[in-house]
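Values reported hereafter were calculated over all heavy atoms of this structure, with side chains retained and with hydrogens, waters and symmetry mates removed. Chain letters run A, B, ... following the sequence lines, proteins first and then strands; every chain starts at 1.
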Amino acid sequence: MLDQVARAALAAAMVSVSSAFVGPGVVYRGLSFMVSGVAHAALAGAALAMLASTLTPLSLDPAVGAVAAGIAVAALVSWAGGGEGRAEEMETAVGVTFAGAMSLAVLTFYVIPSERIPEVWGYLLGDILLLSPLDLIVLSLTTAACAVGSAAFYREFLYVTFDPEGAEAHGMRPRVYQWVHLSLTALAVAGMTKAVGAIMVYALVVAPAAAAARLSRGVKGTILLTFALAALASAAGMLVGFWADVSPSAAAGLAASLMYVASVRAAGGRG
Amino acid sequence: MEGLSAVELEGVSVGYDSFPVLEGVSMAVPHPSVAVVMGPNGSGKTTLLRTLLGLLRPMEGRVRVLGLDPSEDRIEVRRMVGYVPQRESISAEIPLRVMDVVLMGRLARRRPPRRVTPEDVEAAERALEEVGLPDLGDAVFNELSGGQRQRVLLARALASDPKLLLLDEPLSATDAASRDVIAGTIARKRGEGVSSIIVTHDVNPLAEVTDYLALLSGGRLVAFGRVAEVLTPPNLSTVYGGRVRIFREGGLCFAIVGDRHG
């Protein structure tokens with residue numbers, strides 16, 4: 001039990017780190033729906049990995065399929081947005097991907113063994129207390145990649161989000177950095193999905209960042225505050241989960257959502 | 001750079017997906033000088049600037065920016081050019097500090113890692129002083145007034161010590177004080193050997209600093225030359241239609257373009 005709790009606490013810490021690096025970026029870009037799109041694509045990727053394992057001699061772990069599907073969504077969304085990163089086009093691509101991924105996941109249910117179907121649905125709701133060592137390794141790797149990549153290209157990501165045309169005129173390649181930024185975002189979200197679920201990952205990534213963006217006046221302040229709020233929501237979720245014997249992910253998602261509502265009130269409803 | 005043209009176009013046609021937006025444009029702006037490009041929406045003004053930056057490759061014709069081909073010598077050209085984009089293309093969501101915006105003018109030109117040096121900070125502070133905003137380095141860009149934002153974007157363009165400024169609607173949503181500062185800075189930079197190509201709807205606030213005027217309509221160059229030669233009722237009627245009145249005051253020309261109602 002202690003081992004399980006320690007694993008969950010470690011996963012919650014990594015989810016908070018990923019939220020801090022990913023959340024502000026998607027909120028600034030007006031692309032928060034991408035988090036949901038990637039998470040549901042991760043679910044489809046997990047289902048496809050199971051399908052491949054069923055139909056071929058390959059033995060693919062669902063987590064690998066989830067991460068691969070997340071990267072594919074990032075590539076599609078980045079391509080749809082063009083060099084200028086048009087948020088409207090990207091949101092449309094996310095919506096189409098969302099629907100397509102869920103359709104694909106449901107279709108795989110007709111082929112994969114029925115006893116594995118609950119495992120796919122596990123990606124929808126997540127369970128931070130049931131993470132396998134491999135799940136934890138995948139989450140560690142995606143969190144590390146996201147943190148290192150975001151720190152290394154901090155200015156690049158800021159510039160292409162703030163002023164893609166100006167960045168290109170100054171000699172940068174916004175399309176490349178945009179793709180790298182969205183890929184790191186997708187990687188982190190796909191890694192988190194098994195732990196917190198495709199539905200709740202939106203609350204844990206977007207709600208703390210949106211709240212932090214309202215309460216902070218700088219980019220670095222927003223990143224730090226996002227981490228603090230995501231960690232607080234995760235800790236609250238786990239405590240409530242143990243105390244009331246309910247899903248920790250759902251409790252954390254609710255806590256994060258309430259934080260956002262409180263931030264709107266604190267900021268006086270300003271946008 | 002004596003005797004060199006700031007920009008030179010010979011029979012230039014540019015388009016998107018082979019649909020021409022600029023057709024057969026030829027003009028040469030001496031260096032250093034200030035040239036204004038005017039025309040109604042969709043006349044090809046921004047396309048012209050994007051072509052000079054090397055972001056668009058001409059379908060036909062020859063482009064030279066300070067003697068270089070912006071499509072071929074992209075890196076060298078961008079090193080010498082400071083660009084002020086239309087403010088609408090800039091995100092209103094990111095709370096970037098003014099100093100970070102100005103530093104972008106230097107750091108975006110380098111390869112990663114784009115570390116800030118004391119020289120970068122010095123140049124950025126100097127550029128903010130040039131546009132009359134020396135104390136706003138720590139302010140949040142998106143919390144500034146329209147005129148202050150345009151001045152910060154001009155400071156960003158100046159921070160890299162350019163030889164040529166390309167400005168897309170630098171006076172939009174600005175107050176009179178900011179218009180004066182922007183026009184004054186452009187004139188001062190010309191004295192220091194920096195040319196400016198300015199796309200605008202309204203030449204009047206820049207009348208005192210403009211050397212050359214280009215009128216575009218439907219992607220074609222209607223007229224190019226000294227302001228007094230170009231700013232004539234027939235030329236403006238061709239470009240804008242409707243009624244046009246020209247006022248001359250102290251050797252300067254001002255235009256009022258529009259229909260008379262009632």
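- Chosen from B/Glu143, B/Arg74, B/Arg79, the residue pairing most often with chain A at heavy-atom distances under 4.5 Å is B/Glu143.
- Between chain B and the options A/Leu158, A/Thr161, A/Asp163, A/Val219, heavy-atom pairs under 4.5 Å are most frequent for A/Asp163.
- A distance-only check finds no donor-acceptor pair linking the side chain of A/Arg155 to the backbone of B/Arg115 [under 3.5 Å].
- Only the side chain of B/Val101 has a heavy atom closer than 4.5 Å to any heavy atom of chain A.
- Of the listed residues (A/Gly218, A/Ala167, A/Gly166, A/Gly221), the one with the most heavy-atom contacts under 4.5 Å to chain B is A/Gly218.
- Here B/Ala108 is the residue among B/Ser89, B/Ala108, B/Ser91 with the most heavy-atom pairs under 4.5 Å with chain A.
- Nearest heavy atoms, A/Phe162 versus B/Arg156: CE2-NH1, 4.2 Å.
- Taking the side chain as every heavy atom from C-beta outward, B/Arg50 and A/Glu165 approach each other to under 4.5 Å.
- Checked against salt bridge (charged side-chain N to carboxylate O under 4.0 Å, His left out), B/Arg114 has the following partners two or more places apart in sequence or in another chain: A/Glu156.
- Near-neighbour residues of residues 116-132 of chain B relative to chain A, defined by a heavy atom under 4.5 Å from a heavy atom of that chain, comprise B/Val116.
- Within the 4.5 Å cutoff, the side chain of A/Tyr159 has heavy atoms near those of the B/Leu107 side chain.
- For the atom pair B/Asn142 CG and A/Arg217 CZ, the distance stands at 11.0 Å (nearest 0.5 Å).
- Atom OH of B/Tyr16 has more than 12 heavy atoms from other residues, nucleotides or ligands within 6.0 Å.
- Contact annotation for B/Ile75: neither backbone nor side-chain heavy atoms come within less than 4.5 Å of a heavy atom of chain A.
- For a residue to count as touching a neighbouring chain, one of its non-hydrogen atoms must lie under 4.5 Å from one of that chain's; by this rule B/Arg109 touches chain A with backbone and side chain alike.
- Residue contact with chain A, scored on non-hydrogen atoms closer than 4.5 Å, involves the backbone and the side chain of B/Pro112 alike.
- Heavy-atom pairs under 4.5 Å with chain A peak, among B/Leu53, B/Leu166, B/Leu55, at B/Leu55.
- Counted within 6.0 Å of CZ on B/Arg110, heavy atoms from surrounding residues, nucleotides or ligands total more than 12; the atom is thus considered enclosed.
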